[in-house]
There are 4 protein chains.
Amino acid sequence: MRARTFTESGRRAQIVASTIAVIAEAGYAGASFSRIAKHAGLSSTGMISYHFAGKDDLFAACITEIEQVTGAFMEPRIAAAVGPVAQLRAYVESNVALVGQHPDEVRALIELVRNAAQSPAVNGRLALFEEHFRAGQAAGVFRAFDARTVALALTSGLDAVVATAAAAVPEPAELARLGRELADLYVRATAPVPEGGTT
Amino acid sequence: MRARTFTESGRRAQIVASTIAVIAEAGYAGASFSRIAKHAGLSSTGMISYHFAGKDDLFAACITEIEQVTGAFMEPRIAAAVGPVAQLRAYVESNVALVGQHPDEVRALIELVRNAAQSPAVNGRLALFEEHFRAGQAAGVFRAFDARTVALALTSGLDAVVATAAAAVPEPAELARLGRELADLYVRATAPVPEGGTT
Amino acid sequence: MRARTFTESGRRAQIVASTIAVIAEAGYAGASFSRIAKHAGLSSTGMISYHFAGKDDLFAACITEIEQVTGAFMEPRIAAAVGPVAQLRAYVESNVALVGQHPDEVRALIELVRNAAQSPAVNGRLALFEEHFRAGQAAGVFRAFDARTVALALTSGLDAVVATAAAAVPEPAELARLGRELADLYVRATAPVPEGGTT
Amino acid sequence: MRARTFTESGRRAQIVASTIAVIAEAGYAGASFSRIAKHAGLSSTGMISYHFAGKDDLFAACITEIEQVTGAFMEPRIAAAVGPVAQLRAYVESNVALVGQHPDEVRALIELVRNAAQSPAVNGRLALFEEHFRAGQAAGVFRAFDARTVALALTSGLDAVVATAAAAVPEPAELARLGRELADLYVRATAPVPEGGTT
DNA sequence: TATGAATGAGGATTCATTCAT
DNA sequence: AATGAATGAATCCTCATTCAT
């Protein structure tokens with residue numbers, strides 16, 4: 001087997017993987033211990049309680065695991081981009097492209113972020129965007145706007161597009177087109193005002 | 001199919017109101033019959049089943065009620081705007097402003113739309129935006145983009161901002177500012193390309 | 001599909017036994033999970049759902065258990081009889097005698113067969129009788145009659161006598177007399193016509 | 001309308017008729033007040049409780065009504081027969097034939113008799129048969145047997161055949177054949193022993 | 001570690017009945 | 001006579017969690 005993360009012992013990792021699969025398939029509300037146990041081939045839910053302090057703990061472990069997987073895909077792509085605007089574009093495009101690689105993880109993360117009471121993950125990404133926008137504004141590559149509000153709107157819009165795509169994964173080319181569409185939208189939305197203001 | 005009395009028979013309306021309040025407070029998953037009954041001052045959940053065929057029926061009634069309330073607030077404001085761009089701005093601003101008037105209804109509707117498996121409400125709004133964008137593109141006031149994807153991203157971003165605002169309702173002035181921020185964002189995101197394209 | 005332990009895992013068997021007792025005492029309609037749980041000394045009905053997939057599953061297990069018990073009693077007695085007529089008599093008499101040994105099982109089986117929408121058990125016995133009559137007719141030991149209708153009437157009559165006896169179990173001698181009475185009735189009812197027919 | 005029995009006021013009769021229809025269609029267990037009310041076109045179950053002291057009272061009224069209907073059909077046919085044997089035959093045949101005329105009433109009565117805790121109706125018929133057999137034995141037209149046991153077996157067998165026929169009403173000719181089959185069976189089963197004993 | 005059993009609360013829904021109007 | 005609203009118990013079932021083995 002050997003297909004385990006280095007952070008967790010075998011069973012834990014197996015349970016986390018099953019949880020992600022179940023959330024992706026049945027949604028947050030449908031992810032009961034018994035369903036997860038069945039998926040994991042466990043004969044009882046007791047094993048889950050043994051390995052995790054509770055549902056919150058299990059879900060937190062899932063978020064950690066998913067972030068590792070998605071980070072490995074997205075981070076190099078974002079790092080390869082130069083400048084705040086290109087990085088924004090890279091974030092959006094790689095996030096959409098990620099659907100083609102790890103649809104279950106993407107679906108599960110969105111469900112978790114949507115339902116799990118204010119995890120550090122969701123706040124982290126929000127803060128990341130907000131900070132990114134502020135830095136870009138200081139550098140003059142983004143126009144003046146309320147960074148927090150815009151970060152919230154854009155990350156949520158991104159999630160919605162990604163979730164829809166993950167529900168019925170399109171071909172890579174179509175996925176790339178979706179990413180470009182959305183990145184265009186976000187770049188234009190945040191671009192500096194050229195000369196005279198619009199309305 | 002029998003005709004119902006004027007105020008929706010009193011109790012029915014009261015149950016709907018309580019359901020909206022409970023969803024706003026405890027979320028979709030937390031809106032159990034017993035919690036709703038307690039909020040409504042009913043001695044048992046049987047009364048809810050007496051008035052509504054089931055949870056779907058109750059939630060549908062809530063959506064209808066909320067749409068009536070929100071429509072009464074937003075529609076005249078949108079109708080007063082001239083042209084697709086101004087109407088987009090009016091939609092966004094009046095939706096955010098609505099939070100100050102009916103925060104519970106706004107929160108509940110978002111929860112319902114998010115969870116009640118593909119209601120006509122959510123599809124309706126999405127189709128409305130999509131159609132609005134296509135018409136504006138034909139008129140040359142919106143640039144060329146994938147109307148469906150953009151509609152999805154922008155409505156979801158709007159929901160997120162509205163939901164966040166509804167969670168801790170700010171003062172009207174701050175609410176108005178939020179609305180303008182978001183409307184600006186959306187107008188710029190969809191504005192026609194002046195001469196040379198960006199990026 | 002997992003293999004079950006020897007005594008049907010202890011609790012399972014206990015629940016089945018309690019269910020049989022409750023059905024015998026309170027009838028099919030009165031056999032609620034809560035009553036069964038109380039009889040079995042369980043603190044909640046959840047335990048029953050834990051061991052059985054549902055009411056159908058539980059009842060099916062009861063039928064299996066009862067058939068095992070009754071089969072062990074009746075089958076050797078029937079097998080010892082020679083010829084279709086003697087076997088018919090042996091079936092009836094051993095079935096009535098069974099009441100003295102397992103009154104609860106007999107009562108419960110009749111209730112189950114009467115209510116559990118066309119179980120294989122009831123159809124099986126009916127088909128068995130029908131086939132038995134046809135074979136006997138071919139051998140000339142039964143007169144010509146509609147095998148299906150007669151099978152239906154006689155098995156139902158047998159059930160009624162057995163159920164009545166099980167409601168207030170008489171002494172073995174009286175039980176034996178009842179069995180002989182009924183066997184006589186059935187043997188005469190199905191006997192070949194000697195010379196001139198009656199009317 | 002004018003289609004009311006002389007025993008009950010309009011609404012009562014209507015409720016009784018609906019109850020019979022519902023029991024025939026949904027069985028004893030399925031005959032809830034709400035279903036009966038719906039069938040009767042009543043907007044609430046309160047009306048049933050108003051007219052009847054309880055479920056037992058309602059069901060008793062149904063039995064009375066059904067016995068009137070069935071008696072009107074069967075009694076003249078039985079009265080036309082001469083002698084205990086012919087009367088037994090007439091009872092069986094007219095009871096089976098009744099299925100063609102009043103299937104709902106037949107179905108409902110069997111359900112009621114089977115479930116309603118020992119009504120006078122079922123005991124009455126049993127006593128009637130028993131007494132009939134005793135009288136016939138005294139007259140020498142029936143052989144010596146346990147009148148009570150035989151009455152129980154034969155009435156139950158008759159019920160089963162009738163219930164099966166009522167579940168999918170056959171053509172009158174087939175119904176008549178069934179009746180003759182069963183009557184033959186019962187007449188032979190109870191016939192005096194000619195010379196030497198059988199078996 | 002892992003299993004299977006047990007718990008107790010909570011889920012929606014249906015039921016017969018009562019009562020004010 | 002009739003309605004509609006209300007009650008409270010009972011239905012089966014699922015849940016997360018605990019515990020002895």
Side-chain angles (χ1 to χ4, degrees), chain A residues 9-12 15 29-37 40-58, chain B residues 2 4-5 9-12 14-15 29-37 40-58, chain C residues 2 4-5 9-12 14-15 29-37 40-58, chain D residues 9-12 15 29-37 40-58:
Chain A
S9 74
R11 264 286 186 260
R12 255 184 87 94
I15 293 172
S32 68
F33 274 22
S34 62
R35 217 191 290 229
I36 294 167
L42 298 172
S43 60
S44 130
T45 66
M47 212 54 241
I48 302 176
S49 292
Y50 176 79
H51 280 289
F52 298 90
K55 231 177 179 189
D56 290 349
D57 188 28
L58 170 59
Chain B
R2 72 213 135 91
R4 231 171 281 117
T5 54
S9 92
R11 258 293 185 257
R12 245 186 94 93
Q14 184 198 357
I15 293 172
S32 68
F33 273 22
S34 62
R35 216 192 290 230
I36 294 167
L42 299 173
S43 66
S44 84
T45 68
M47 211 52 234
I48 303 177
S49 291
Y50 174 76
H51 282 288
F52 298 89
K55 229 174 181 188
D56 290 350
D57 188 29
L58 171 58
Chain C
R2 73 212 135 92
R4 228 170 283 119
T5 54
S9 93
R11 259 289 187 259
R12 245 186 93 92
Q14 184 197 357
I15 292 173
S32 68
F33 272 24
S34 62
R35 214 192 289 232
I36 294 167
L42 300 173
S43 65
S44 83
T45 68
M47 210 51 233
I48 302 176
S49 292
Y50 173 76
H51 282 287
F52 298 90
K55 232 178 178 186
D56 290 349
D57 188 28
L58 171 58
Chain D
S9 74
R11 263 287 186 262
R12 257 184 84 94
I15 293 172
S32 68
F33 274 22
S34 62
R35 215 191 289 231
I36 294 167
L42 298 172
S43 61
S44 130
T45 66
M47 211 54 239
I48 302 176
S49 292
Y50 175 79
H51 280 290
F52 298 89
K55 232 178 178 189
D56 291 347
D57 188 27
L58 170 59

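We name chains A, B, ... by the order of the sequence lines, and we start the count at 1 in each one. Just so you know, these numbers use all the heavy atoms, side chains as well, and skip hydrogens, waters and symmetry mates.
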Item to complete: Please state whether the base of dT17(E) and the side chain of T45(D) form at least one donor-acceptor pair under 3.5 Å?
Response: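 Yes, a donor-acceptor pair under 3.5 Å.
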
Worksheet item: Do S44(C) and dG8(E) have a side chain to base donor-acceptor pair shorter than 3.5 Å?
Response: yes

What is the distance from [atom1] of [X] to [atom2] of [N], rounded to the nearest Å?
X      : N       : atom1 : atom2 : value
R12(D) : dA2(F)  : CZ    : C1'   : 16 Å
Y50(B) : dT13(E) : OH    : P     : 17 Å
D57(B) : dA12(E) : CG    : P     : 15 Å
H51(D) : dT17(E) : NE2   : P     : 15 Å
M47(A) : dT3(E)  : CE    : P     : 7 Å
L58(A) : dC15(F) : CG    : P     : 15 Å
I48(C) : dT7(E)  : CD1   : C1'   : 14 Å
K55(A) : dC15(F) : NZ    : P     : 8 Å

[X] side chain: which of [options] is closest?
X      : options                  : result
S49(C) : dA2(E), dT17(E), dC13(F) : dC13(F)
F33(C) : dC12(F), dA16(E), dT3(E) : dC12(F)
S32(B) : dA16(E), dG11(E), dT1(E) : dG11(E)

Worksheet item: Is a side-chain N or O of R11(B) found less than 3.5 angstrom from the main chain of H51(B), in a donor-acceptor match?
Response: no

Worksheet item: Just how far is it from atom CD of Q14(C) to atom CE of M47(C), taken to the nearest 0.5 Å?
Response: 10.0 Å

Worksheet item: Is the closest side-chain heavy-atom distance between I15(C) and L42(C) below 4.5 Å?
Response: yes

Discussion item. If you assign R35(A) and S34(C) each to the DNA chain F nucleotide with the nearest heavy atom, which residue ends up on the more 5' nucleotide?
Written reply: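 The 5'-side residue here is S34(C).
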
Discussion item. Below the 4.0 Å mark, does dG4(E) have OP1 or OP2 next to a side-chain nitrogen or oxygen of R11(C)?
Written reply: no

Discussion item. Taking pairing as Watson-Crick or G-U wobble with both contacts under 3.5 Å, can you name the mate of dA12(E), or confirm there isn't one?
Written reply: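 Per the H-bond distance test, dT11(F).
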
Worksheet item: In terms of heavy-atom contacts, does CG of D57(B) have more than 12 from other residues, nucleotides or ligands at under 6.0 Å?
Response: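 For D57(B), atom CG is crowded (more than 12 foreign heavy atoms under 6.0 Å).
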
Worksheet item: At their closest point, which heavy atom of S49(D) faces which heavy atom of F33(D), and how far apart are they?
Response: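 Minimum heavy-atom separation between S49(D) and F33(D): OG-CE2, 3.7 Å.
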
Discussion item. If you assign Q14(C) and D56(B) each to the DNA chain E nucleotide with the nearest heavy atom, which residue ends up on the more 5' nucleotide?
Written reply: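 Nearest nucleotide further toward 5': that of Q14(C).
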
